[in-house]
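Hydrogens, waters and symmetry mates play no part in the numbers below; they use all other heavy atoms, side chains included. Predicted model, so just to flag it, every value in this text is computed and none were measured.
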Amino acid sequence: YESFQIAYPNINAEWVCCNKGLSPLYYWEDETDILLKIPVELEGMYSTKEIEEMVLKEITHLRKQIEVQDYSHIFFTLNGKMKAEYLDYILEQNKPVKNLYQMFHSVYVSTDYGASVISKENIRKAISAMTEEEKKELIEAKGKLPEKVRIYRGEGSASQGYQNAYSWSLDPNVAVFYATRLSSQSGRIIVAEVNRGDILCFGSTSDQEVLVFSENIQMQQRYLKQLFQEERCKKSENFSLFFNNFFKEKRGISSSMSI
C-alpha cells in the first residue's frame, strides 16, 4: 500500500485491489463502477509517472463512457472471467447498459472459462433486451431446428459441471474438443435433449453453441473421455457420424464406462 502510494501518488491507493493472475493490480472505483487494470508490468518499459498518466487518462475516458451507459471498455481492460463477473455485477445493480444484449453476447462468447458466473436472472435480463430484429433472427434460427434438439457438452477438469452451466453445442465434434483438449483423464461427453423453445439464444458460431438452462435439459447419457480414445475414433473422417453410431451402439453401456 505505502509503496504504491509513493510510486503512484495521484492514484487513490484505497481503490486499488489485488488479483491472482497475470494482471495483479486493478483500480476499482466503487462510486462510478470503473474497473481497469493498472499495468505495473510495464514498469521496465515506462516510468511510474508515465504509467500513472496512462491510468488517469483512462479513468477520465471511462467516466465519460459510463455516463452514456457504454460499458464496452470491459473488453479491453478486463481479462477472461473478470469480464463476466463485472457484467454480472452491473446487471445485478440494475445499471442501464447501452446495447445490453450485444454486450452480454460478446462477453459470453469471448470468455473461455467462467461465463457461468452470470446469474440466470441476469441472463434473462440480457435476453429480454434483444432488439426486435434480434428476436426475429433468433426465432428464424430456432425454426430451422427440430422440435426436440439433441445437444452435446464436453467437459474437462476445469470446466463448470453441466448442472450449473449454460453452454451446449449442436455439434458432437465440439463437445469432443472441449473434453479432450487437456491431458486430464477426467474429461467427459454429455448428451442431452432440449425443447427447441427452451433454447435461450445462440452463442459462438464456430462452436454451434446454444445457451440452455440446466433445468430444461433431458439427460441422455454421459461418457468418459477414455471411450473416445479408441482407434476407430481417431481414424474416423466424419466424427459426427461416428459419434451418432457410437451413441446408438452404447445405449446399454456398462456402469464402469459411464458416469
Side-chain angles (χ1 to χ4, degrees), residues 1-135 137 201 203-204 211:
Y1 179 87
E2 292 180 355
S3 61
F4 183 89
Q5 281 188 316
I6 294 172
Y8 303 97
N10 294 308
I11 299 176
N12 190 340
E14 293 183 359
W15 289 345
V16 174
C17 52
C18 296
N19 173 60
K20 295 180 180 179
L22 298 176
S23 303
L25 292 183
Y26 281 81
Y27 176 86
W28 168 244
E29 193 172 283
D30 185 52
E31 296 176 355
T32 59
D33 298 320
I34 289 175
L35 178 62
L36 76 156
K37 182 179 75 171
I38 300 175
V40 292
E41 68 274 12
L42 299 180
E43 287 185 1
M45 300 172 58
Y46 299 93
S47 67
T48 55
K49 181 176 176 58
E50 289 174 316
I51 293 174
E52 183 181 65
E53 289 175 350
M54 293 179 199
V55 172
L56 293 174
K57 183 178 180 180
E58 185 65 14
I59 289 172
T60 299
H61 173 66
L62 294 184
R63 284 192 184 124
K64 293 178 179 178
Q65 279 195 300
I66 290 175
E67 284 177 3
V68 295
Q69 305 170 7
D70 183 355
Y71 290 86
S72 59
H73 65 275
I74 67 177
F75 297 111
F76 312 107
T77 59
L78 303 182
N79 298 321
K81 184 179 178 181
M82 289 189 73
K83 290 187 289 189
E85 290 174 328
Y86 181 74
L87 180 60
D88 187 64
Y89 169 81
I90 294 299
L91 292 174
E92 193 65 34
Q93 303 302 311
N94 290 314
K95 302 282 185 179
V97 179
K98 182 180 179 180
N99 300 323
L100 173 55
Y101 175 70
Q102 296 95 315
M103 171 69 66
F104 160 76
H105 190 272
S106 297
V107 167
Y108 195 92
V109 300
S110 64
T111 304
D112 193 16
Y113 286 107
S116 58
V117 300
I118 304 175
S119 71
K120 292 180 180 179
E121 180 182 353
N122 288 334
I123 287 181
R124 291 189 183 99
K125 289 180 186 177
I127 298 294
S128 67
M130 282 184 177
T131 65
E132 290 304 314
E133 183 62 28
E134 287 165 340
K135 291 177 183 177
E137 291 176 358
C201 65
S204 166
L211 274 63

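- The CD atom of E43 lies 11.5 Å from the CD atom of E50; values are rounded to the nearest 0.5 Å.
- Heavy-atom minimum distance, Y86 versus L78: CB-CD1, 3.7 Å.
- Here the closest heavy-atom approach between residue I34 and residue I59 is recorded as CD1-O, 3.7 Å.
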For residues 88-98, which side-chain donor-acceptor pairs fall under 3.5 Å, sequence neighbours excluded?
unit_1: D88; atom_1: OD1; unit_2: S119; atom_2: N; d: 2.9
unit_1: D88; atom_1: OD1; unit_2: N122; atom_2: ND2; d: 2.8
unit_1: Y89; atom_1: OH; unit_2: D33; atom_2: OD1; d: 3.4
unit_1: E92; atom_1: OE1; unit_2: N122; atom_2: ND2; d: 3.2
unit_1: N94; atom_1: OD1; unit_2: K125; atom_2: NZ; d: 2.8
unit_1: K95; atom_1: NZ; unit_2: D33; atom_2: OD2; d: 3.1

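- Under the rule for a salt bridge (Lys or Arg N to Asp or Glu O under 4.0 Å), the partners of K120 that lie at least two apart in sequence or sit in another chain are E215.
- Between Y101 and K135, every side-chain heavy-atom pair lies at or beyond the 4.5 Å cut-off.
- Rounding to the nearest 0.5 Å places CZ of F104 at 15.0 Å from CG of N99.
- Residues meeting the ring-ring contact (aromatic ring centres under 6.0 Å, His included) test with Y8, sequence neighbours left out: F4.
- Under the 4.0 Å criterion applied to side-chain N and carboxylate O atoms, E53 and K49 are assigned as salt-bridge partners.
- Proximity of M82 to Y26: side-chain heavy atoms (C-beta onward) are separated by under 4.5 Å at one or more points.
- In plain terms, the two heavy atoms of P39 and V55 that are nearest each other are CD-CG2, 3.8 Å.
- Counting all heavy atoms, side chain and backbone alike, V109 lies closest to G203 at CG1-C, 3.6 Å.
- Applying the salt bridge (Lys or Arg N to Asp or Glu O under 4.0 Å) rule to D30 yields no partners; only residues at least two apart in sequence or on another chain are considered.
- V40 is not listed as a side-chain neighbour of I51, based on a closest heavy-atom distance of 4.5 Å or more.
- Every residue was checked against the salt bridge (Lys or Arg N to Asp or Glu O under 4.0 Å) condition with E134, not counting sequence neighbours, and none meets it.
- Partners of E29 by salt bridge (Lys or Arg N to Asp or Glu O under 4.0 Å), not counting sequence neighbours, listed by chain and number: R63.
- Side-chain atoms of S106 never come within 3.5 Å of backbone atoms of M103 as a donor-acceptor pair (strictly under, hydrogens ignored).
- Here I6 contributes atom CD1 and E2 contributes atom CD; the two are 7.0 Å apart, rounded to the nearest 0.5 Å.
- Summarising the geometry, atom SG belonging to C17 is positioned 8.0 Å from atom CD1 belonging to I38; distances are rounded to the nearest 0.5 Å.
- Distance check: I66 CD1 to S72 OG gives 10.0 Å after rounding to the nearest 0.5 Å.
- Taking a cutoff of 4.0 Å between a charged side-chain nitrogen and a carboxylate oxygen, K64 and E67 do not qualify as a salt bridge.
- Summarising the geometry, atom CD1 belonging to I118 is positioned 7.0 Å from atom OG1 belonging to T111; distances are rounded to the nearest 0.5 Å.
- Nearest heavy atoms, I127 versus C201: CD1-SG, 3.7 Å.
- Contact between A84 and V117 at its shortest, heavy atoms only, is CB-CG2, 3.7 Å.
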